[in-house]
Amino acid sequence: MPLMLKVIPGATILLILLRIMTALIPVAQIYIVKELVDLVTLLFTQQQAIASDVYFVLGLQALVLIADRFLNYLNSVVGFRAQQKLKYYFEQLLINKASQLPLSYFDRPDYYDQLERAAFGVDVKGFNLVNLILTIGSSIITLVGLVSILLSFHWVLAAIVLVMIIPNILVNAHFGKQKYNQAMTQTPEQRKVHYLLRILHSRSTAKEARIYNYTPYLTAKWKGIFWKTGDEQYDLRKRTDSRMLLVNISQILLDVCVIIVLILFGASGALTIGHYVSLTQALQQIQSIITGLGYSIAAVYEESLFINEVLHFLDLDVEESQNQIHPFPEKLKTKIEVKNLSFTYATHSTPQLKKISFNISPGEKIAIVGENGAGKSTLVKCLLGLYLPDEGTILFDGVDIRTIEPKSMRQNVSAVFQDFESYQLTVRENIAMGHAKIEDDASIKAAVNKAGLSGLMEKLPHGLDTELGAMFHNGYELSGGQWQKIALSRAFMRDTQIVILDEPTAALDPRAEAEIYDKFATLYEGKTTIMISHRLSSCKHADRIIVLHNGEIVEEGNHDTLLAAQGAYAEMFHTQAKRYAS
Ligand SMILES: Nc1ncnc2c1ncn2[C@@H]1O[C@H](COP(=O)(O)OP(=O)(O)OP(=O)(O)O)[C@@H](O)[C@H]1O
């Protein structure tokens, strides 16, 4: 509630007032019913009452009913809007948080579990909690009003009602907690289920699903997890509902006892018919309020634990900012120095980079080569500051990467990744999202030309504003190589001092690839470039080649010196050359 008051103060106060008014209506109704029944009884039996009194009370009843409907309408509209605003507020916090978390979080399964629960808390649960708390508050007010009506007649009636409440709330709170625990333990399996369904439904897997005919296998796997988690949920549901059945039956029996007591009182002349009708109505209302209260309390238990997940997620440490006080050097003057760099992924026990040391001069063109899994991508991710070293340092003109502000780092280093993303958005957005020049057609076209995409641009029906990809209506799907050129354009768009290219031409045809490498010196003139490539012919353009093996540097030099050395590089190069020659 305090949070709600902070985010949407006006709506919160209005909602509280509306709920208080709504809560008092059933109590007012009971009083009116008593008056009405007594007046009508008099009118029917002894013709004593004046008809106008009856009509007055009837009118009052109609007014109260209309007020009730009107309050419900306001509650629904204001509550809906308040919920949307809260959801928006928390979605924004989640987006900010996810964008600030160190990349290492994304390598951990427990992180994904937590993210899924937090996203579920905000999206699906949608801050129902607020509604539930307000409902509980207003139910309690109504309950107090109704119980005081009973109390005004006899304390025994009120005492019986209180006896009804306790088991209901205990059972609901207990099973609310169990349901939450179940959701916690089932998160990894639920994630697996979602993943399998994604494979079974998605466009990107449709080809392989047909060729390899794996749908029956994956369906069986999905079925196994679906029914394992489904059976666990069903068991819990059966236990919850059987306990609730007992509670409800005992509640009805208690009700019957109360009505017997009322009949006895009535028979002894201590009750009017109006009293009897209003008290039995109060009892009925109390029963449904208790049932609702029980469900709400169980739901609050469950929801507040999900909200805790959201708050817990929002509390995760973001990229260390207290140490990051230096801007990236305005213009690299001396060198990038990698000193004794070691790095281990959270899910591994042995390091993927082992005490690596080398220097890069400003403007130098470096190629990193090595077999699959040698650690090339990991090394460039460390150079980009996406992962921080466990040991050793990376210095840019003597400034430790740990102390460089992430924003300033990103303004000076751009990258094309091996697993680049194909955004199902417009060409303009694909290339210039996050760039100040997103509306500057000339700059975007220059980047497109550098990446060798000008031919395609002429075919696009809406030029830079053509939606790419086949996921949405009117999308223009590209080939794998064309998507890679879009990714290259994205990097060209940003005029950074350092460019990192992880397999930048893997999807390009030989001519497009040759074009990029022939123009390499012009395209990246004055920039420090670090490129990973398996096509060793492209490394000829590099000033220096670093050969990685098993997380260590095994060779370093230019193409000619490494060939002459007849080591690992020469062996890889000759193997590739032979295959081309044959
Ligand atoms: N996100 C990750 N989480 C955990 N381990 C990872 C992750 N990425 C890579 N690894 C591990 O680190 C090692 C080095 O991987 P890396 O991607 O750096 O190799 P690479 O030289 O770029 O390989 P390739 O040529 O196949 O792209 C591999 O053994 C891999 O299992």
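First listed ligand is number 1; within each ligand, the first listed atom is number 1.
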**Prompt:** What do you reckon, are the aromatic ring centroids of Tyr88 and Phe90 less than 6.0 Å apart?
**Reply:** no
In ligand 1, the atoms that come under 4.0 Å of a heavy atom of His534 are 25 (O)
re atom 17 (O) of ligand 1, the protein heavy-atom contact at minimum distance is Ser377 CB, 3.6 Å
Open item on the list: Any donor-acceptor pair under 3.5 Å linking the side-chain atoms of Glu477 with those of Trp483?
Closed with: yes
Worksheet item: Taking it one step at a time, do Met531 and Thr529 satisfy side-chain contact (heavy atoms from CB on, under 4.5 Å)?
Response: CA-CA 6 Å; Met531 179 188 70; Thr529 56; 5.7 Å; no
heavy-atom search around atom 10 (N) of ligand 1 in the protein gives Tyr345 CE1, 3.2 Å
Counting from 1 in the order shown, the ligand 1 atoms closer than 4.0 Å to a non-hydrogen atom of Gly375 are 14 (C), 18 (O), 19 (O), 20 (P), 21 (O)
Inset, instruction - For residues Tyr387 and Cys382, determine if any side-chain heavy atom of one lies less than 4.5 Å from a side-chain heavy atom of the other. - result: yes
Review point. Around atom CG of Asp419, are there more than 12 heavy atoms of other residues, nucleotides or ligands at under 6.0 Å?
Key: yes
For Thr378, the ligand 1 atoms with a heavy-atom partner under 4.0 Å come out as 14 (C), 15 (O), 16 (P), 18 (O)
Closest to atom 25 (O) of ligand 1 among protein heavy atoms sits Lys376 NZ, 2.8 Å
So for Gln352 against ligand 1, with non-hydrogen atoms under 4.0 Å, the contacting part is side chain
Looking only at the aromatic ring of each residue, does the gap between the centers of Phe573 and His559 stay below 6.0 angstrom? yes
When distances are taken from atom 27 (O) of ligand 1, the protein heavy atom at minimum range is Gln418 NE2, 3.1 Å
closest protein heavy atom to atom 5 (N) of ligand 1 is His348 NE2, 2.9 Å
query = If you draw a 6.0 Å radius around NE2 in His574, do more than 12 non-hydrogen atoms from other residues or ligands fall strictly inside?
reply = yes
- Message: Are any of the N/O atoms on Lys381, whether in the backbone or the side chain, positioned under 3.5 angstrom from an N/O atom of ligand 1?
- Response: no
Would you please determine whether Glu503 falls within less than 4.0 Å of ligand 1 on a heavy-atom basis?
no
When distances are taken from atom 1 (N) of ligand 1, the protein heavy atom at minimum range is Asp107 OD1, 2.9 Å
Q. Does some non-hydrogen atom of Gly373 fall short of 4.0 Å from ligand 1?
A. yes
*Lys339 atom NZ: more than 12 heavy-atom contacts under 6.0 Å*: no
Honestly, for Asn372 the part within reach of ligand 1 (heavy atoms, under 4.0 Å) is both
Practice task
Return yes when atom NZ of Lys179 has more than 12 non-hydrogen atoms of other residues, nucleotides or ligands closer than 6.0 Å, and no otherwise.
Solution key: no
